[in-house]
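See below for the structure under consideration.
One-based numbering, in listed order, for ligands and for the atoms of each. Throughout, numbering of the chain's residues begins at 1 and tracks the sequence.
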Amino acid sequence: MYRSHTCGELRASHINKEVTLAGWVQKSRDKGFIVWVDLRDRYGITQLVFDEERTPKAMMEKAQNLGREFVIQVTGTVIERASKNPNIPTGDIEILVSELTVLNEALLPPFTIEDKTDGGEDIRMKYRYLDIRRNPVKNSLIFRHKVTQEVRNYLSKEGFIEVETPYLIKSTPEGARDFVVPSRMNQGQFYALPQSPQTFKQLLMVGGMDKYFQIVKCFRDEDLRADRQPEFTQIDCEMAFVEQEDILNAFEGLTRHLLKEVNGVEIDQFPRMLYDDAMRLYGNDKPDIRFGMEFGELNEVAQHKDFGVFNSAELVVGIAVPGGNAYTRKEIDQLIDWVKRPQVGALGMVYCRCNDDGTYKSSVDKFYDQDDLAKWAEATGAKAGDLICVLSGDKNKVRAQLSALRMELAERLGLRNPTEFAPLWVMDFPLLEWDEETERYHAMHHPFTSPKPGQLELLATNPGEVKANAYDLVLNGNEIGGGSIRIHDKKTQALMFDYLGFTEEEAKAQFGFLMNAFEYGAPPHGGLAFGLDRLVAILGGQETIRDFIAFPKNNAGRDVMIDAPAPIDNKQLEELSLKLNLKS
Ligand code: ASP
């Protein structure tokens, strides 16, 4: 028996008991005549004591030579501590050691195994197994376990069946590049790793599974923006014989359950917002509604004066920054520089101070009088003491820019409280999205998403206007889930592929299996998928997902611990009939 108790378990009630513990040496303090060692395992820390009077000399020496992170086993008696430590649950006791076994020595770790470590991100990733010993990472992984358990509990209770789908498949169109795997047995042919189990879960519906879920890895070979992982986890779900309302209710239920069980937060009905309204009011399809600062469109009140910049803009739009009139000129100039950074891309920013006495002072006073500015204040909901920030230009760009500014200001004003949760559904997304690069329409969600009833005809005349039966679940300014009601008949699906620019042959070659299945009695169905990594991070009150993933990749998609990706040897290449054609 390696241990009778864990290092987080012993209390005053155990005093005089003989116990055996095993764990890692967190640290030791050697006063010469007395040595204290903090012994750590997953459950906590227990103090060990060796002293000249009661510990045999050989063991005393052994204790003095224990290094950080040595793995040891001790047997001893639980005794009351002379000076108690109220900061840890085991702080009333210590173990007077009678037997000490070094189970394994350890090199000095390259960073301190403390809550606040001296190790930078790179070194911690390289030695992730040491990083996982630290409380912040350990607790994040335990937190993730709790969330996934609750997901499984809830969905199982609601009659969902967890079904595994394959990883070695053919391309699934979720809008990213595929990771591919060469097939040795089928030379010159490749599997694609699933960007999501989309087509399989639809086939499960045709197979009569009715209510499916899976906690599943998905793979997308995208350029990695901050906080994206090439492999990530979804809670993937699908239901048959449902309408949009049924799906929203089912997964609002799941989210409410998680907020309650994991965070102790009870939330009633989630608000719902149309995509068009989200874009108009927040410039963003995943608005953070924990705070206001809604957009006020100013075209009507700010155009047709003599200010050419506004007159030539497709959209003039502003937000009121609460208390922003207190900003100095220098601070406002810094804000202007901030929106002009290439990452945001605004050409400039007009502002208007709302003075306490009810007057206004703008950066464009030459063109606008007090009455005009009062209308700006009305449109943006600005009050005395606020600052109105106004951007103008191309509608889509300007919305994105002002949305970035809104989030930045909210962050600075402390309005993004991580312990407050504001979920909402964003609904009726456009079916298609124009892609500047390829000059074509793409499916905004994926090609299996159905248009709103009666809108199919619009495809021919006004494709950009067609709305889809598609919805996203948004939490604190993050998309945590998204899905749609699917097309379930072959004719509509073929039409959709046609609009997306697939020839009949291409559609058949890529998705013939699905179209065929639709001819064998496909039930109406729909579903959604949650991004589990992000969901867990947000519920855990954090914005970055990395600490909630045991072995994450870095920004270049590398696992620096195992050093992957890596070349394969010539024999492997030969077996696969592959030849490299490296560019550099
Ligand atoms: N497969 C979709 C995705 O990964 C989710 C869904 O439509 O259910 O975003």
Side-chain angles (χ1 to χ4, degrees), residues 151 155 160-167 169-179 192-206 209-222 228-240 242-252 254-255 275 285-286 425-433 442-452 467-475 478-488 493 496 500 510-511 514 522-535 545:
V151 169
L155 291 176
F160 285 79
I161 306 292
E162 186 165 14
V163 183
E164 289 174 66
T165 53
Y167 282 162
I169 65 164
K170 212 153 95 175
S171 183
T172 46
E174 302 278 351
R177 207 175 286 117
D178 290 321
F179 280 103
L193 300 180
Q195 293 185 33
S196 86
Q198 184 61 38
T199 47
F200 284 95
K201 67 174 169 176
Q202 293 193 241
L203 293 170
L204 285 170
M205 294 305 110
V206 183
M209 281 315 282
D210 191 59
K211 285 173 153 188
Y212 142 94
F213 85 101
Q214 181 180 193
I215 295 183
V216 62
K217 274 288 171 73
C218 302
F219 307 86
R220 298 185 190 180
D221 188 3
E222 295 175 290
R228 269 230 188 128
Q229 292 280 313
E231 54 176 312
F232 59 95
T233 308
Q234 284 189 345
I235 310 166
D236 191 44
C237 312
E238 196 77 4
M239 300 168 84
V242 285
E243 292 174 339
Q244 178 163 295
E245 194 59 32
D246 302 306
I247 306 246
L248 299 188
N249 286 334
F251 297 104
E252 186 166 319
L254 170 63
T255 314
Y275 168 89
D285 60 8
K286 43 180 193 300
W425 290 104
V426 177
M427 338 232 314
D428 294 6
F429 274 74
L431 185 68
L432 303 172
E433 152 179 70
H442 285 284
M444 186 146 181
H445 190 47
H446 51 54
F448 315 113
T449 296
S450 65
K452 284 253 155 224
K467 292 287 191 283
N469 279 318
Y471 33 79
D472 274 358
L473 183 56
V474 175
L475 183 58
N478 292 277
E479 178 203 327
I480 55 161
S484 59
I485 297 294
R486 326 299 183 187
I487 297 166
H488 67 280
Q493 189 62 70
M496 193 61 200
L500 293 173
Q510 229 178 317
F511 303 112
L514 188 70
H525 61 286
L528 95 179
F530 289 82
L532 178 68
D533 309 289
R534 175 133 304 111
L535 174 64
I545 60 176

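Once rounded to the nearest 0.5 Å, the distance linking NZ of K201 with CG of D236 reads 3.5 Å. Rounded to the nearest 0.5 Å, atoms CG (L254) and CG (L473) are 9.0 Å apart.
The only member of E238, H525, E162, Q202 that meets side-chain contact (heavy atoms from CB on, under 4.5 Å) when paired with Y212 is E238.
At under 3.5 Å, a nitrogen or oxygen of Q234, whether backbone or side chain, sits near a nitrogen or oxygen of ligand 1. Considering both main-chain and side-chain atoms, H445 comes within under 3.5 Å of ligand 1 through a nitrogen or oxygen pair. Annotation: H446 places an N or O atom under 3.5 Å from an N or O atom of ligand 1; distance criterion only.
Contact annotation: R220 has at least one heavy atom less than 4.0 Å from an atom of ligand 1.
Close approach of ligand 1 to A529 (heavy-atom distance below 4.0 Å) involves ligand atoms 5 (C), 8 (O). Contact atoms of ligand 1 toward G483: 6 (C), 7 (O) (distance under 4.0 Å to a heavy atom of the residue).
We find that K452 and D428 are joined by a salt bridge, their nearest charged nitrogen and carboxylate oxygen being less than 4.0 Å apart. Between K217 and E231, at least one side-chain nitrogen of the basic residue sits less than 4.0 Å from a carboxylate oxygen of the acidic one, meeting the salt-bridge criterion.
The single protein non-hydrogen atom nearest to atom 5 (C) of ligand 1 is G482 O, 3.5 Å, given as residue, atom name and distance. For atom 1 (N) of ligand 1, the closest non-hydrogen atom of the protein is Q198 OE1, 2.7 Å. If you check which protein heavy atom lies closest to atom 3 (C) of ligand 1, you get E174 OE1, 3.3 Å.
Neither side chain, Q234 nor S196, offers a donor N or O lying under 3.5 Å from an acceptor on the other.
When the heavy atoms of E238, K201, Q195 are ranked by distance to atom 8 (O) of ligand 1, first place goes to K201.
When non-hydrogen atoms are compared, ligand 1 lies under 4.0 Å from neither the backbone nor the side chain of Q202. The part of S196 lying near ligand 1 is the side chain, judged by heavy-atom distances below 4.0 Å. Within the 4.0 Å heavy-atom criterion, the part of R486 lying near ligand 1 is the side chain and not the backbone.
The aromatic rings of Y275 and F429 lie tilted to each other, with the angle between the two planes from 30° to 60°.
Remark: K211 NZ is packed, more than 12 non-hydrogen atoms of other residues, nucleotides or ligands lying under 6.0 Å away.
For N469 (side chain) and P451 (main-chain N/O), a donor-acceptor pair under 3.5 Å exists by modelled atom type.
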